There are 2 protein chains.
Amino acid sequence: MEIQAEDMHEALRKAGLRITLARRVICRILADADEEHLTAAEILDRANNVAGGVDQSTVYRTLEALAELNYVQHVHIGHGAGFFHLRGDHAHHHLVCEVCGTAINVPYEDLEPAFASLRDKYGFMPDSTHFAILGHCQDCRETEETKSSVANDLL
Amino acid sequence: MEIQAEDMHEALRKAGLRITLARRVICRILADADEEHLTAAEILDRANNVAGGVDQSTVYRTLEALAELNYVQHVHIGHGAGFFHLRGDHAHHHLVCEVCGTAINVPYEDLEPAFASLRDKYGFMPDSTHFAILGHCQDCRETEETKSSVANDLL
DNA sequence: ATCCGTGCAAATACTTTGCATTTAC
DNA sequence: GTAAATGCAAAGTATTTGCACGGAT
C-alpha cells in the first residue's frame, strides 16, 4: 500500500505541527512521485507550479519535518544534490551508474538473500528502505568497451 | 598488495603530469590511510602538517587527477563532506551504520553471489572497489530496543 | 623554455538559519 | 491569542574555477 498525502497530514497533526498550503502541496508531490528520485530543487519547482511563492527554505523545512516523522529520507547518491523520497514499505533499492548517473530500481526480493546473510553474519540490519550500489550500467560498459577497442586500433 | 605512493607517482608521470611536493605528500597520505575514509579537509590538514602552505584547491585538483587515473574514488556516504580513498583490489566493502557511523568491513566473497546476480539480471557491474550499505549496526539496534522498552515503561 | 601546478580569492552549488510577518489552531 | 510556519535574505559547507606567478621537466 502506498503512502498517501493524508497519512503525512495526520502524522504532522499528531506531532503538533500545522497543515499549511505549502505542506499540503509538498506531501502531494512526494506521494505522487512514488519511486521517483526528487531533488529539493525539483520539489520546489513542482510546488511553485501548483501554488506560487513557495520558498526553498520552506521546502527544506517541510522535508526535514517529514524526515523527523520517518516519512521522508534524504539520501546522497554520488555527487551533487541529494534526493528526497518517501520511506515506503515496498522497499526497493538502486543500482546507480557512476558514469551516467542512471539509477536502476531493484526489487527487495533480489537482494533479500544477501541482506539475510549480512544480518546473520554481522548482526547488521541493512536499511531496507534505501540502499544504493555504485557501479557501471550496461550502456556505459558497452561504451567503455567501444572506446578501448578504438584506442587499441590507434596504437 | 597495497597501493604504494610510488605507483601513483608513476601513473602521474605516465600521464604527462608532474610530481610536485604537494602531490608527493598527498599520495603518501592516501597510501598510509589505507582503508580509512578521509575527507578533503582531513587530507588538507595532514598535508599541511607535513608541508605547510598547501591549499585546498591543490588537494582537490590532485585528488581529481588521481581519480582520473583510477587510483582514487570520491564517494558520498550520507550528508556532509565526501570521502576520498584509494581504489584497492576489490578486497572488501563497508556496512555503514546510519546511527553511529561505524563501518564494518565485509570480505568480497560474502557479497559476490549478490553481485553476480545483479550482473546477470540487470547487466549492471557493481563497483567492486567500493561499496557501502547503509543500515543499523548491532550495538545501535540493541540501544534502540532498550530505548523503546524504556519509553514503553513510561507510558 | 615550455607548460603544468600552485596559492589566492572569488564563484558555485546545496542546504541551513535569523528575523519580521503571517497564519493555523 | 499563541505558537508555528513562511518568505526573504544572508550565512554556512563542500567543491570548483580564474588568474598570475612559480616550478618541474
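The figures that follow rest on heavy atoms only: side chains count, while hydrogens, waters and symmetry mates do not. Each chain gets a letter, A, B and so on, in the order the sequences are listed, and its residues count up from 1. Given the structure is predicted, the values throughout are model-derived calculations rather than measurements.
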### Query
For DNA chain D, whose closest nucleotide is more 5', that of B/R24 or that of B/R61?
B/R61
### Comparing B/G82 and B/R13 on DNA chain D - which has the more 5′ nearest nucleotide
B/G82
#### Entry: Inter-axis angle, terminal five-pair segments of the helix from C/dA1-D/dT25 to C/dC25-D/dG1 [nearest 10°]
30°
[atom2] on [Y] to [atom1] on [X], rounded to 0.5 Å:
X: B/N70; Y: B/L86; atom1: CG; atom2: CG; value: 11.5 Å
X: A/F84; Y: A/T39; atom1: CZ; atom2: OG1; value: 8.5 Å
X: A/L63; Y: A/I43; atom1: CG; atom2: CD1; value: 4.5 Å
X: B/L66; Y: B/R61; atom1: CG; atom2: CZ; value: 14.0 Å
X: B/H9; Y: B/L12; atom1: NE2; atom2: CG; value: 7.0 Å
X: B/N49; Y: B/I29; atom1: CG; atom2: CD1; value: 8.5 Å

For [X] versus [Y], what's the shortest heavy-atom pair and its separation?
X: A/G53; Y: A/N48; value: N-OD1, 3.1 Å
X: A/A5; Y: A/A31; value: N-CB, 3.9 Å
X: B/A40; Y: B/V59; value: O-CG1, 4.0 Å

### Summary
So, with a heavy-atom separation below 4.0 Å from DNA chain C, the residues of residues 50-58 of chain B are B/G53, B/V54, B/D55, B/S57, B/T58
### Query
Under a 4.0 Å heavy-atom cut-off, which of residues 15-23 of chain A touch DNA chain D?
A/L17, A/R18, A/T20, A/A22, A/R23
### Message
Can you give me the first and the last nucleotide of DNA chain D (5' to 3') that has an atom within less than 4.0 angstrom of a non-hydrogen atom in chain B?
### Response
D/dA14 to D/dT25
### Query
Does the side chain of A/M8 come within less than 4.5 Å of A/I3's, by heavy atoms?
yes
### Task
Please examine the side chains of B/V25 and B/V54, heavy atoms only from C-beta on, and report whether any two atoms are closer than 4.5 Å.
no
### Message
With a sphere of 6.0 Å drawn around CD of B/E6, does it hold more than 12 non-hydrogen atoms of other residues, nucleotides or ligands?
### Response
yes
### Query
Between A/L38 and A/R46, is a side chain to side chain contact (heavy atoms under 4.5 Å, CB included) present by the stated rule, with each step listed?
CA-CA 10 Å; A/L38 299 178; A/R46 295 187 188 193; 3.5 Å; yes
### Query
How would you list all residue pairs meeting salt bridge (Lys or Arg N to Asp or Glu O under 4.0 Å) that involve residues 13-23 of chain A, not counting sequence neighbours?
A/E10-A/K14
### Query
What is the 5' to 3' range of DNA chain C, first to last nucleotide, that sits under 4.0 Å from any heavy atom of chain A?
C/dC14 to C/dC25
### N/O donor-acceptor pair under 3.5 Å between B/H79 side chain and A/H74 backbone
yes
